[in-house]
Amino acid sequence: MELTIIVLLVIVLALFFDFTNGFHDTANAMATPIATGALKPKTAVTLAAILNLVGAFLSTEVAKTISGGLINEGGDGVLITPELIFAGLIGAIVWNLVTWLYGLPSSSSHALFGGLIGAAIVGAGVAAINGGVFLSKILIPMVAAPLTAGIVAFTATKVAYAITRRHDGKKDGRGRFRYAQIASSSLIALAHGTNDAQKTMGVITLTLVAANLQEPGTGPHLWVVVACALAIAIGTYSGGWRIIRTLGAGLTQVKPAQGFAAETSSAATILASSHLGFALSTTQVASGSVIGSGLGRRGSSVRWRTVGRIASGWLFTLPASGAVGAIAAAIAHTGMIGVIIDAVLGLAFILFIFWRSSRNKVDHSNAIPAPDVAESGYAVRIRKGKVKPPKTKTGSVKPLSPVAQTAIRDDEAAKEAAREAARQAALEAERAGDAMPGGYGPIPTARAQQQQEGDR
């Protein structure tokens, strides 16, 4: 009976971790299209949620890495108990929420691995960890994936700007990359579902194997896949706007062609890793791509101080979550009372973090500052149109948001520039007419003809 209750607690906590993984990693796919105006913020997170849901059903290779490779088996089965898995999940959730509060795009995946490893070492010793799997499928991808994605994004950005360069004063068409961003960001969301949702599937499967409720070496059951897919999709829809702000505007100012290059590079890296069973961090891949694309665009600047903060978060993720997981495991190892104490402390911490975040709320309306992006969705429109104040149910008119006002000012500035160019062209035409031989005088312009008609 006790074991059944603990298994149920682990499954519930694992699904909550999956939920935090969703809102923690929404920025990986949707920060850049929101920043360039390719998608409206709420449209972006809805699209990401749907594709995360679909992606979770496409593969289970990463889930098998966690459930059947990371933790060794001993004579009595897997060298980790459901109580220790519960403790490991607490370590992962604590680190996820702390980094989310401060807007740091750290790795939910490595927080999970750190928590599980810390708990397993406390409960069964270092021998519980499969060093080969940890090195080849976690540690090496942790270093190689962001570097690879960054190099690919750097190259893709250089190519994109080279093939769209114009020297005749006409538009280069780079704004049309916003449309391509819709496809590339969608591909990342799909790839995220194929990689990150599986990690929670692997944890639940590992719990069932450790409790002798499932055969070792088997993959996740269908109900596990469905539950994890729904949890990560709901979490993705909730936004994670603090990290969207960091990736969309905190690292570098993202332009459409640059954003497309970053997203395509991220998607290719994540999909290839999922196929090989590498449990890499999609957050690290996305961050590496944004940095690489920022370096690849001429005139762009990367905010290295923010990069340093993010890198520090990456460096401390495994040890910090491992330490919390180890402490929670030491408490949970005392039995059912210890598990209850862990659950109460974990719930108190979760409530505190959400209360603390409410004091400095970040949502879809202020995630990306207005000067950094045109009205999302307004910048990408098939037909030309004006921004109109929306009417309320009572018939009154709401004031335009700062973002919409910025978009209107941009339009007015463009119109004024066009009018000024027309005036300059008219003056040039008048001067050319004055210089014509034969004494006929200047060629009357449309403005001059209007003035003559007025004099009459």
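Nothing here was measured: the structure is a model prediction, and the numbers come from that model. Counting begins at 1 with the first residue of the sequence.
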**Item:** Worked check of side-chain contact (heavy atoms from CB on, under 4.5 Å) between W95 and V324
**Value:** CA-CA 8 Å; W95 185 252; V324 176; over 6 Å; no
**Request:** Output, in order, the C-alpha distance, side-chain angles, deciding distance and verdict of side-chain contact (heavy atoms from CB on, under 4.5 Å) for L39 and Q181.
**Result:** CA-CA 9 Å; L39 289 168; Q181 276 191 276; over 6 Å; no
**Request:** Check the pair Q214, T205 against side-chain contact (heavy atoms from CB on, under 4.5 Å), reporting the backbone distance first and the verdict last.
**Result:** CA-CA 8 Å; Q214 183 173 335; T205 302; 3.4 Å; yes
**Request:** Check step by step if side-chain contact (heavy atoms from CB on, under 4.5 Å) holds for V307 and I291.
**Result:** CA-CA 8 Å; V307 173; I291 294 168; 3.9 Å; yes
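Shown here are the side chain to side chain contact (heavy atoms under 4.5 Å, CB included) partners of A261, two or more places apart in sequence or in another chain: A156, T157. Every residue two or more places apart in sequence or in another chain that forms a ring pair (Phe, Tyr, Trp, His ring centres under 6.0 Å) with F23 is listed here: F19, W100. The side-chain hydrogen bond (donor to acceptor under 3.5 Å, both in side chains) search around T99 returns H24, S106, not counting sequence neighbours.
Note that the CG atom of N52 and the CD1 atom of I232 stand 5.0 Å from one another [nearest 0.5 Å]. Taking OG of S357 as the reference point, atom CZ of F352 lies at 10.0 Å (rounded to 0.5 Å). Note that CD of Q284 is 6.5 Å distant from CE of M142, once rounded to the nearest 0.5 Å. T20 contributes atom OG1, which lies 9.5 Å from atom CG of L89 (distance to the nearest 0.5 angstrom). Atom NE2 in H221 sits 8.5 Å away from atom CG in L213 (nearest 0.5 Å). Between atom OG1 of residue T317 and atom CG of residue L112 there is a gap of 12.0 Å, rounded to the nearest 0.5 Å.
Here the shortest heavy-atom pairing between A120 and I129 reads CB-CD1, 3.8 Å. Closest of all the heavy-atom pairs between V209 and E215 is CG2-O, 3.9 Å. Residues F17 and N96 approach most closely at CE1-ND2, 3.6 Å, considering heavy atoms. Taking both residues in full, the closest heavy atoms of W314 and S287 are given as CZ2-CB, 3.5 Å, listed atom of the first, atom of the second, then distance. Considering every non-hydrogen atom in both A332 and D342, the closest pair reads CB-OD2, 3.3 Å. Nearest heavy atoms, A328 versus A87: C-CB, 3.5 Å.
For the pair R245/V362, a side-chain contact is recorded, criterion being any heavy-atom separation below 4.5 Å from C-beta on. Using a 4.5 Å heavy-atom threshold, the side chains of I204 and V10 count as separate. Using a 4.5 Å cut-off on side-chain heavy atoms (C-beta onward), V98 and Y102 make contact. With a 4.5 Å cut-off on side-chain heavy atoms, S293 and F260 do not count as touching. Within the 4.5 Å cutoff, the side chain of F349 has no heavy atoms near those of the I90 side chain. K40 places none of its side-chain heavy atoms less than 4.5 Å from the side chain of I34. The shortest side-chain heavy-atom distance between F354 and I350 falls under the 4.5 Å cut-off. D25 places a side-chain heavy atom less than 4.5 Å from the side chain of S108.
Of the possible polar contacts, none joining the D18 side chain to the A14 backbone as a donor-acceptor pair under 3.5 Å is found. Remark: the backbone N or O of L104 is not paired with any side-chain donor or acceptor of R242 at under 3.5 angstrom. Although no hydrogens or angles enter the test, the distance criterion places a donor-acceptor pair under 3.5 Å between the side chain of S321 and the main chain of A111.
A cation-pi arrangement is present between K42 and Y237 under the rule of less than 6.0 angstrom and at most 45 degrees off the ring axis.
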